[in-house]
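Worksheet: one structure, shown below.
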Amino acid sequence: MTLQDKGPRDDRWYLNIMAPNTKGDKFAWLDPTSIYINAQAFNDLLDDLLADLKAGEVECDVVAGLDAMGFVLGAALAARLGVGFLPIRKAGKLCVDTDKVSFGNYSGRTQDMEMRMPAYGPGTRVLLVDQWVETGGTMDGAIRLVERQGGVVAGMVAVAIEENERTDGYRASYPCVSAVMQGSRWQTECNSQTLSSFTTYTPEAAFPQTKR
Ligand SMILES: O=P(O)(O)OC[C@H]1O[C@H](OP(=O)(O)OP(=O)(O)O)[C@H](O)[C@@H]1O
Ligand SMILES: Nc1ncnc2[nH]cnc12
């Protein structure tokens with residue numbers, strides 16, 4: 001595992017560059033992907049998640065990332081962990097045999113997602129990675145897919161896991177790692193779906209540094 005020692009890790013500064021929704025209720029309330037644009041932010045995010053996985057002694061045989069943005073974080077973590085990456089896809093994309101589940105998410109709509117079948121042997125430890133967990137409905141579908149093929153959910157990782165009855169159940173059942181730490185101001189703000197950093201947010205804060 002590649003890990004830089006950066007001292008105390010609890011500032012999570014890169015959460016400040018997450019972008020507020022400017023498009024209304026049909027969309028998620030914020031866009032965390034600005035973190036990925038900036039090399040320092042993205043690498044600090046990965047370092048923090050990896051440090052917390054290590055501290056929690058969370059081990060896995062493969063990372064499964066959830067379509068679509070879970071692919072970004074999941075693939076980056078898999079590469080750092082030295083394991084493979086298994087995409088869990090929105091239905092209708094995979095041209096091989098699949099298992100399929102229906103799930104509901106924050107949008108109130110029901111969707112289907114699929115995982116290739118067979119994907120791994122019995123007892124394989126699968127680390128589930130998504131960008132964000134809001135209601136936990138999407139994660140619920142992924143857990144069902146993993147367990148139906150005899151996999152063991154090794155844990156779950158996201159930028160944030162909002163607190164509600166379903167995610168309380170996840171925390172009780174699996175190791176859960178998120179950049180937004182439980183008990184922090186960030187967690188309270190994510191639960192209420194507004195961040196104080198939105199008042200000073202500028203897109204430029206996430207711009208990649210140019211080498212010229
Ligand atoms: O906890 P939930 O309420 O289920 O919501 C979480 C899911 O919603 C978002 O993805 P979205 O479906 O918007 O798709 P995207 O990754 O393609 O942006 C997010 O990245 C999770 O996958
Ligand atoms: N990407 C996301 N950002 C913020 N809230 C979300 N809820 C579900 N997905 C989300």
Side-chain angles (χ1 to χ4, degrees), residues 12 14-38 41-42 45-46 49 63-78 85-94 100-115 126-146 153 155-174 176-182 184-198 201 203 206:
R12 312 277 155 136
Y14 44 81
L15 298 173
N16 285 301
I17 65 173
M18 297 193 293
N21 168 341
T22 58
K23 289 196 171 162
D25 287 350
K26 287 203 180 120
F27 293 84
W29 63 274
L30 89 168
D31 175 26
T33 65
S34 39
I35 299 174
Y36 310 150
I37 303 171
N38 182 275
F42 192 32
L45 167 66
L46 294 172
L49 294 172
V63 167
L66 276 61
D67 195 343
M69 297 315 300
F71 293 172
V72 176
L73 202 51
L77 285 172
F85 178 76
L86 169 65
I88 296 182
R89 300 220 57 183
K90 300 261 165 66
K93 304 281 185 186
L94 284 167
K100 179 156 83 172
V101 291
S102 294
F103 66 96
N105 69 7
Y106 67 96
S107 72
R109 276 176 296 134
T110 301
Q111 288 176 274
D112 295 334
M113 67 183 168
E114 291 179 322
M115 191 167 80
V126 181
L127 184 65
L128 287 168
V129 179
D130 204 349
Q131 174 167 273
W132 200 271
V133 180
E134 183 170 328
T135 65
T138 308
M139 262 307 167
D140 178 64
I143 293 166
R144 281 181 278 140
L145 284 173
V146 166
V153 176
M156 68 182 66
V157 179
V159 175
I161 303 174
E162 294 179 29
E163 289 176 320
N164 55 52
E165 216 172 292
R166 182 144 54 182
T167 60
D168 287 350
Y170 295 157
R171 290 185 210 275
S173 306
Y174 312 106
C176 291
V177 167
S178 54
V180 169
M181 293 180 293
Q182 274 205 299
S184 69
R185 158 187 74 85
W186 288 110
Q187 183 73 66
T188 310
E189 293 187 3
C190 287
N191 294 344
S192 58
Q193 302 197 337
T194 182
L195 301 182
S196 46
S197 55
F198 287 168
Y201 168 80

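In listed order, ligands and their atoms are each counted from 1. Everything quoted here is computed from the prediction, not taken from an experiment.
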Shortest protein contact, [atom] (heavy atom only):
atom                    : answer
atom 19 (C) of ligand 1 : Trp132 O, 3.7 Å
atom 18 (O) of ligand 1 : Met69 CG, 3.9 Å
atom 9 (C) of ligand 1  : Tyr106 CE2, 3.8 Å
atom 4 (O) of ligand 1  : Thr138 OG1, 2.5 Å
atom 3 (N) of ligand 2  : Leu30 O, 3.1 Å
atom 15 (P) of ligand 1 : Ala68 N, 3.8 Å
atom 9 (N) of ligand 2  : Tyr106 CE2, 3.7 Å
atom 12 (O) of ligand 1 : Asn105 ND2, 3.5 Å
atom 1 (N) of ligand 2  : Gln131 NE2, 3.1 Å

Q. Asp130: heavy atom below 4.0 Å from ligand 1, yes or no?
A.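 Yes; Asp130 lies near enough to ligand 1 that a heavy-atom distance drops under 4.0 Å.
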Q) For ligand 1, is there an atom lying under 4.0 Å from some heavy atom of Gly136? A)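 The answer is yes, since Gly136 has a heavy atom less than 4.0 Å from ligand 1.
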**Q.** From Gln111, Glu162, Arg109, Glu134 - option closest to atom 1 (O) of ligand 1 by heavy atom
**A.**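 Looking at heavy atoms only, the winner is Glu134.
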Q. Which residue from Met69, Glu134, Met18, Glu162 reaches closest to atom 6 (C) of ligand 2 through any of its heavy atoms?
A.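 Nearest option to atom 6 (C) of ligand 2, by heavy atoms: Glu134.
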Are side-chain heavy atoms of [X] and [Y] found at a separation under 4.5 Å?
X      : Y      : answer
Met139 : Thr167 : no
Ile161 : Val180 : no
Ile35  : Tyr14  : yes
Gln111 : Thr138 : no

Q.
Under a 4.0 angstrom heavy-atom cut-off, which atoms of ligand 2 come close to Ala28?
A.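 So the answer, numbered in order with elements, is 2 (C), 3 (N), 4 (C), 5 (N), 6 (C), 10 (C).
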Q: Pull out every atom of ligand 2 sitting under 4.0 Å from any heavy atom of Trp132, numbered as shown with elements.
A: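 Going through ligand 2 atom by atom, the ones under 4.0 Å from Trp132 are 1 (N), 2 (C), 3 (N), 4 (C), 5 (N), 6 (C), 7 (N), 9 (N), 10 (C).
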Below 4.0 angstrom from a heavy atom of [X], which ligand 1 atoms are there? Numbered from 1 as shown, please.
X      : answer
Lys90  : 12 (O), 14 (O), 17 (O)
Gly137 : 1 (O), 4 (O)
Thr135 : 1 (O), 2 (P), 3 (O), 4 (O)
Gln131 : 20 (O)
Val133 : 1 (O)

Treating [X] as the side-chain partner and [Y] as the backbone partner, does any N or O pair qualify as donor plus acceptor under 3.5 Å?
X      : Y      : value
Ser192 : Glu189 : yes
Tyr36  : Val72  : no
Arg166 : Thr135 : yes
Asp130 : Ala158 : no
Asn191 : Glu163 : yes
Glu134 : Glu162 : no

Q: Determine whether the side chain, the backbone, both or neither of Ala160 has a heavy atom under 4.0 Å from any heavy atom of ligand 2.
A: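 None of Ala160 does.
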Q | Check against side chain to side chain contact (heavy atoms under 4.5 Å, CB included), Trp186 and Ser178 | A | CA-CA 11 Å; Trp186 288 110; Ser178 54; over 6 Å; no
Q: Could you please spell out the steps behind the side-chain hydrogen bond (donor to acceptor under 3.5 Å, both in side chains) verdict for Ser184 and Arg12?
A: CA-CA 10 Å; Ser184 69; Arg12 312 277 155 136; over 6 Å; no
Q. Do any nitrogen or oxygen atoms of Leu66 lie less than 3.5 angstrom from nitrogen or oxygen atoms of ligand 1?
A.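 Between Leu66 and ligand 1 (N or O atoms, distance only) the closest approach is not under 3.5 Å.
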**Q.** Residue pair Ile143, Met156: steps toward the side chain to side chain contact (heavy atoms under 4.5 Å, CB included) verdict
**A.** CA-CA 10 Å; Ile143 293 166; Met156 68 182 66; 3.9 Å; yes
